[in-house]
Amino acid sequence: MDNSYSIGANVNMEEFMSILNTGDGSYQSNEQYDIVTKVSYLIGIRKDVFEKNNDPQKTEIFRKLDADKRARIIRNLCIIRTQLEHNFLKVCKGIQQDGRSIIGMSEYIPSAAMQALSDDGINIYVHLKEPTQFLINLNMNIKNRINNCRDFFPEWINWEYLSDIFIMPNGTTEEGTKKAAAFYYENMNFYPYKQYMNWPAQDEGYILLNDKKFVTLLYRWNGDEFQNLSLVSDVSERTKANIYTFIENSDKCVFIVDCENSDPYQLCAAIRNLEPERLRKIDKVILFDDVHAASAWEMLASYIEIPVEYIMIERLKDNKSLADVKVAARTCKEFYTNNVNSFVIVSSDSDYWGLMEELPDANFLVMLEHEKTSYALKEALMKNNIFYCYIDSFYSGGADDIKNDAIQKQLGKYIKASLNLNLNSLMKEVLLKTHINMKEDDINQYIRKKIKNRLFIDVNENGDVEISYRSKK
């Protein structure tokens with residue numbers, strides 16, 4: 001039986017809304033697997049595990065990491081470490097009683113991983129009488145090299161928490177390796193595919209099931225709480241399907257965005273997580289920006305594949321926004337003059353309910369944010385069969401680029417304003433103070449040869465910036 005819902009004449013909209021919009025975000029979502037797939041690769045889970053699920057995304061991640069020397073080294077070190085732990089006593093016996101070397105025990109220590117490390121310029125084997133020092137050597141290499149894999153993961157994740165799962169506690173000491181081994185042997189069945197990692201092994205089910213589960217546990221293991229679940233999960237396919245249905249059933253559709261009451265990064269992520277070909281009937285996105293809104297709105301057009309009209313609304317009074325009036329007037333114009341019959345309102349402001357009431361022949365879909373939306377607005381939308389969804393429930397990991405670019409752009413503006421220094425004016429003041437005469441060409445040459453390369457910027461632990469001029473002695 002198909003239990004899915006769609007927007008249509010025979011749908012019980014109140015039931016539909018109660019299932020899709022539970023208010024606490026508890027409706028079923030699409031899980032993400034980017035982080036857990038990378039962790040699985042690095043700790044050494046077998047390749048066939050990636051392939052048996054026939055998931056193109058996971059196999060592509062495996063392929064990319066396997067082509068990167070930094071990731072490949074960590075993976076092979078972890079593979080050898082796990083196999084050494086599994087076969088520690090057998091390796092000891094092979095060395096002490098049979099006079100064998102570690103490098104020759106391919107039945108216990110995978111020769112393919114040893115060879116791959118050698119090919120990557122990592123020599124971890126030394127002829128030893130017992131394997132503890134070999135394990136310590138493995139641990140030292142992993143500890144010293146794990147930070148090389150930082151760039152494989154998103155910036156929002158706590159790298160200290162994540163990198164720590166690869167590092168054996170006190171693993172560079174004999175006592176530490178023995179303690180870690182005892183804990184591992186006692187709890188081996190809790191480890192993903194019995195691969196060694198540093199975690200408080202307990203019955204948590206499959207901890208690498210998806211990003212949401214793993215990251216939530218990762219923070220909990222460190223006495224912390226991970227709250228931004230939109231970074232590790234996406235809205236349900238049912239929610240997306242009903243957005244597509246709304247757009248497809250429209251003659252002409254426009255996004256109306258109240259920038260002051262919405263988030264540019266979440267909207268960007270939401271649009272990017274919808275299929276581009278299903279959005280082709282959207283005529284444009286109209287942004288009603290305000291001086292108090294996030295500066296990134298003016299950048300949105302570069303990050304989505306829908307035409308954007310950007311409108312900056314000036315304020316007559318600093319404490320009074322004109323956005324409501326401008327949005328209402330433009331929406332009416334689009335409906336009556338430009339034949340737009342469907343509108344996606346992006347705002348959590350309940351004032352726009354009045355606009356929707358006054359255009360009963362228009363179709364509306366509302367994109368809200370959980371914490372900014374009143375219960376009264378959601379109740380009004382449900383009673384009037386107007387579909388709504390939360391933009392902060394869409395997977396937001398795909399908006400990292402616009403966030404970084406927004407920071408860089410704003411930093412550039414503030415740094416330029418703060419460090420308003422002109423070397424030509426400065427040189428004239430210096431020459432006046434020193435009573436030295438120079439022609440204009442001589443001043444320019446002096447700046448080019450003796451100042452430009454001697455200016456240094458230093459930043460202390462408190463974030464204070466100091467520009468220093470270091471003359472040659």
Side-chain angles (χ1 to χ4, degrees), residues 7-9 13 242-264 266-268 270-272 274-294 296-317 320-369 372-373 377 380-389 391:
I7 297 178
M13 187 60 69
N242 284 281
I243 294 173
Y244 298 146
T245 299
F246 177 85
I247 295 170
E248 289 164 2
N249 287 344
S250 67
D251 295 326
K252 196 174 182 182
C253 182
V254 164
F255 270 61
I256 300 290
V257 184
D258 173 12
C259 298
E260 191 180 8
N261 289 291
S262 195
D263 185 290
Q266 290 171 345
L267 179 60
C268 181
I271 292 176
R272 282 176 154 188
L274 297 171
E275 298 172 22
E277 61 272 16
R278 308 292 290 272
L279 305 181
R280 287 176 182 168
K281 290 188 76 173
I282 299 174
D283 189 57
K284 58 186 166 184
V285 175
I286 306 176
L287 303 177
F288 294 87
D289 202 358
D290 183 270
V291 291
H292 292 169
W297 283 112
E298 58 187 279
M299 304 167 59
L300 184 66
S302 301
Y303 297 87
I304 61 175
E305 299 180 16
I306 305 171
V308 173
E309 181 180 344
Y310 177 80
I311 301 171
M312 172 58 77
I313 302 174
E314 296 182 1
R315 291 189 171 211
L316 296 180
K317 293 183 178 180
K320 181 61 178 176
S321 172
L322 300 176
D324 295 0
V325 176
K326 293 282 188 180
V327 167
R330 181 58 184 273
T331 304
C332 290
K333 179 180 178 181
E334 292 294 328
F335 180 72
Y336 289 110
T337 305
N338 297 333
N339 300 317
V340 176
N341 72 323
S342 298
F343 298 91
V344 177
I345 303 291
V346 184
S347 176
S348 300
D349 190 343
S350 60
D351 289 348
Y352 294 117
W353 172 242
L355 168 65
M356 289 180 266
E357 277 190 312
E358 293 303 315
L359 290 176
D361 294 329
N363 303 312
F364 289 97
L365 184 155
V366 184
M367 287 186 162
L368 311 166
E369 293 177 51
K372 295 181 181 179
T373 307
L377 175 58
L381 294 173
M382 281 194 295
K383 286 182 178 179
N384 290 273
N385 292 346
I386 295 177
F387 176 70
Y388 67 88
C389 62
I391 60 172

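Counting from 1, the numbers follow the sequence of the chain as shown. Just so it is clear, the values below take in all heavy atoms, side chains as well, and ignore hydrogens, waters and symmetry mates.
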Quiz item: Can you tell me if Asn338 uses its side chain to pair, donor with acceptor, with the backbone of Val340 under 3.5 Å?
Solution: no
Exercise. Could you tell me the separation between the CZ atom of Phe288 and the CD1 atom of Ile311, rounded to the nearest 0.5 Å?
Key: 4.5 Å
Self-check item: Heavy-atom side-chain contact between Tyr244 and Leu274 under 4.5 Å
Solution: yes
Exercise. Classify the angle between the aromatic ring planes of Phe335 and Phe343 as parallel (below 30°), tilted (30 to 60°) or perpendicular (above 60°).
Key: tilted
Practice problem: Give the intermediate values and the outcome of side chain to side chain contact (heavy atoms under 4.5 Å, CB included) for residues Leu300 and Cys268. | Solution: CA-CA 7 Å; Leu300 184 66; Cys268 181; 3.7 Å; yes
Quiz prompt | Donor-acceptor contact below 3.5 Å, side chain Thr337 vs main chain Glu334 | solution = no
Practice problem: Given side chain to side chain contact (heavy atoms under 4.5 Å, CB included), test Val254 with Val344 step by step and report yes or no. | Solution: CA-CA 6 Å; Val254 164; Val344 177; over 6 Å; no
Self-check item: Interatomic distance, Phe364 atom CZ to Met356 atom CE [nearest 0.5 angstrom]
Solution: 6.5 Å
Practice problem: Kindly give the heavy-atom pair with the smallest separation between Leu377 and Ser350, and that separation in Å. | Solution: CD2-CA, 4.0 Å
Quiz item: Is the shortest heavy-atom distance from the side chain of Ile256 to the side chain of Val346 under 4.5 Å?
Solution: no
Practice problem: Given salt bridge (charged side-chain N to carboxylate O under 4.0 Å, His left out), test Glu309 with Arg330 step by step and report yes or no. | Solution: CA-CA 12 Å; Glu309 181 180 344; Arg330 181 58 184 273; 2.8 Å; yes
Practice problem: Give, for atom OG of Ser347 and atom CD1 of Ile391, the distance between the pair rounded to the nearest 0.5 Å. | Solution: 9.5 Å
Quiz prompt | Heavy atoms from other residues, nucleotides or ligands near NZ of Lys281 exceed 12 (cutoff 6.0 Å) | solution = yes
Self-check item: Minimum heavy-atom distance between Ala380 and Asn384, given as atom pair plus value
Solution: O-ND2, 2.8 Å
Quiz item: Is the closest side-chain heavy-atom distance between Tyr310 and Met312 below 4.5 Å?
Solution: yes
Exercise. Compare all side-chain heavy atoms of Cys389 with those of Ile243 and state whether any distance is below 4.5 angstrom.
Key: yes
Quiz item: Just how far is it from atom CD1 of Ile306 to atom NZ of Lys284, taken to the nearest 0.5 Å?
Solution: 13.0 Å
Exercise. State whether the side chain of Thr373 and the backbone N or O of Glu369 hold a donor-acceptor pair below 3.5 Å, judged by distance alone.
Key: yes
Self-check item: Nearest-0.5 Å distance that lies between atom CG in Leu355 and atom CG in Asp349
Solution: 11.0 Å
Exercise. For a side chain to side chain contact (heavy atoms under 4.5 Å, CB included) with Val257, tell me which candidate from Ile286, Leu267, Val327 qualifies.
Key: Leu267
Quiz item: So, Asp283 side chain and Cys253 main chain: donor-acceptor pair closer than 3.5 Å or not?
Solution: no
Quiz item: Can you tell me if CD on Glu248 sees more than 12 non-hydrogen neighbours from other groups inside 6.0 Å?
Solution: yes
Exercise. Supply the atom-to-atom distance Ile386 CD1 to Leu365 CG, rounded to the nearest 0.5 angstrom.
Key: 9.5 Å
Quiz item: Within the side chain of Trp297, is there an N or O that forms a donor-acceptor pair under 3.5 Å with the backbone of Cys259?
Solution: yes
Quiz item: Does the side chain of Leu359 come within less than 4.5 Å of Thr331's, by heavy atoms?
Solution: yes
Exercise. Would you check if Ile247 and Leu279 make a side-chain contact, meaning some heavy-atom pair closer than 4.5 Å?
Key: yes
Quiz item: Ignoring hydrogens and geometry, is there a side-chain-to-backbone donor-acceptor pair from Arg272 to Tyr303 under 3.5 Å?
Solution: yes
Self-check item: Test item: Trp353 and Leu381 side chains (from C-beta on) under 4.5 Å apart, heavy atoms
Solution: yes
